[in-house]
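Below: one structure, written as structure tokens.
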Amino acid sequence: MRVRTWSAATTVAAALLVLTGCTVDGPDPAPEPSSAPAADDEVKLPPRPGDLPVAGKQDDDVCTWLTAEQQRSLQIGGGQPVIKHGDNYNGCGFLGDTGAARFAIGVRIVPEPIELFLDKINSSPGSRQVYALNGFSAVQSQIGGGESLGCDAFIDAAQGQTVWVNMQLQTPGAMNADQMCEKAQTAAHSVVTTVQAQS
């Protein structure tokens, strides 16, 4: 299968968003679950340890949230600003290749509280799980009907601000759900670590 461009990858992501009703390298280990999977309709998050300074950041800023070392660890290349489709969120896209699997990782800033944004997501039953990332909560989710396409992590970054990390598989069947979600979680942990270090 040929490598699709990030534009094509974001087109697929945008299509999934329409369906849901809403528009690496370092010692960053995959985060451990802080609890059993939460019920899809009632995600309870502990208080944030503070606010990550993500509000108002532009695409170029977001592209610095995965360092060169983290990119090597995640097996992705340098980031490119996301292609905007209407009112798409600011963010950055990274193409990756494990040798067996080609994939894309998108990092976006959603100017909404995580609880409100999650209400717009058509999560696959049982796919939501809460993780702690350096004290910040993240909610894992997969799109209902699109479980084989990727996995998302939504970070409770600040008051009224959610960071959305999307891992999208481009080689069908090359990763299972656990592998895709681990990649999304590791990327999310890396983002939190970098943004904290930049603060």
Side-chain angles (χ1 to χ4, degrees), residues 9 13 16 20 24-40 43-46 48-49 52 54 62-63 65-67 69-77 79 89 91-98 100-110 114-115 117-118 121-144 146-158 161-171 174-197:
L16 286 174
T20 61
V24 259
D25 201 63
D28 293 337
E32 292 297 321
S34 61
S35 65
D40 287 349
V43 174
K44 304 285 187 192
L45 303 179
R48 291 182 303 275
L52 293 174
V54 301
V62 180
C63 286
W65 291 356
L66 290 174
T67 67
E69 185 180 356
Q70 291 166 340
Q71 290 171 25
R72 286 192 298 274
S73 178
L74 285 165
Q75 298 173 289
I76 56 177
Y89 307 110
C92 189
F94 303 81
L95 290 176
D97 193 333
T98 67
R102 294 174 180 147
F103 61 95
I105 289 178
V107 181
R108 295 175 182 84
I109 304 168
V110 180
I114 189 169
E115 296 85 358
F117 189 59
L118 285 172
I121 303 299
N122 175 27
S123 293
S124 175
S127 72
R128 286 192 179 176
Q129 188 166 356
V130 178
Y131 290 84
L133 306 171
N134 298 355
F136 290 85
S137 295
V139 178
Q140 171 185 302
S141 178
Q142 290 185 282
I143 298 297
E147 296 86 352
S148 66
L149 301 176
C151 191
D152 299 285
F154 303 98
I155 303 165
D156 182 24
Q161 300 292 323
T162 301
V163 174
W164 173 20
V165 178
N166 168 254
M167 186 282 176
Q168 184 179 69
L169 188 62
Q170 297 183 346
T171 308
M175 289 184 180
N176 62 33
D178 288 342
Q179 292 169 322
M180 292 185 292
C181 289
E182 180 181 3
K183 187 74 77 173
Q185 294 154 14
T186 301
H189 186 260
S190 298
V191 165
V192 171
T193 299
T194 300
V195 173
Q196 285 179 314

message: Rounded at 0.5 Å granularity, tell me how far CZ in R48 sits from CZ in F136.
response: 7.5 Å
Within-4.5 Å side-chain heavy-atom neighbours: I143 and L149: no
query: Quick one: are W164 and D152 in side-chain contact, heavy atoms under 4.5 Å?
result: yes
- prompt: Can you check whether M180 reaches N176 side chain to side chain, under 4.5 Å on heavy atoms?
  reply: no
- prompt: With T98, which residues qualify under side-chain contact (heavy atoms from CB on, under 4.5 Å), at least two apart?
  reply: Q75, A100, A101, F103, M175, K183
- prompt: Which pair of non-hydrogen atoms, one from Q168 and one from N166, has the smallest distance, and what is that distance?
  reply: CB-OD1, 3.6 Å
- request: Please determine, by modelled atom types, if R128 and S123 share a side-chain donor-acceptor pair under 3.5 angstrom.
  value: yes
field: Minimum heavy-atom distance S148-L169, with the two atoms named
entry: O-CD2, 3.9 Å
Spatial distance of atom CD (E182) from atom NE2 (H189) [nearest 0.5 Å]: 13.0 Å
query: What residues, two or more places apart in sequence or in another chain, satisfy side-chain contact (heavy atoms from CB on, under 4.5 Å) together with E147?
result: S124, Q142
statement: Correct closest heavy-atom pair for Y89 and I109 would be CB-O, 3.2 Å
message: What I'd like to find out is whether the side chain of V165 reaches to under 4.5 Å of the side chain of I155, using heavy atoms alone.
response: yes
- prompt: Do the side-chain N and O atoms of T193 and N134 include a donor-acceptor pair separated by under 3.5 angstrom?
  reply: yes
Any side-chain heavy-atom pair of D156 and Q161 under 4.5 Å: no
task: Only one of I114, L133, V54 passes side-chain contact (heavy atoms from CB on, under 4.5 Å) with V163; say which it is.
output: V54
- request: Locate the shortest heavy-atom distance separating S141 from F154; write the atom from each residue and the value.
  value: CB-CE1, 3.8 Å
message: Would you say that V139 contacts Y131 through its side chain, given a criterion of any heavy-atom pair below 4.5 Å between the two side chains?
response: no
field: Residue pair A187 / L66: nearest heavy atoms and the distance that separates them
entry: O-CD2, 3.8 Å
- prompt: Taking all non-hydrogen atoms of both residues, which atom of C151 and which atom of A184 are closest, and how far apart?
  reply: O-CB, 3.7 Å
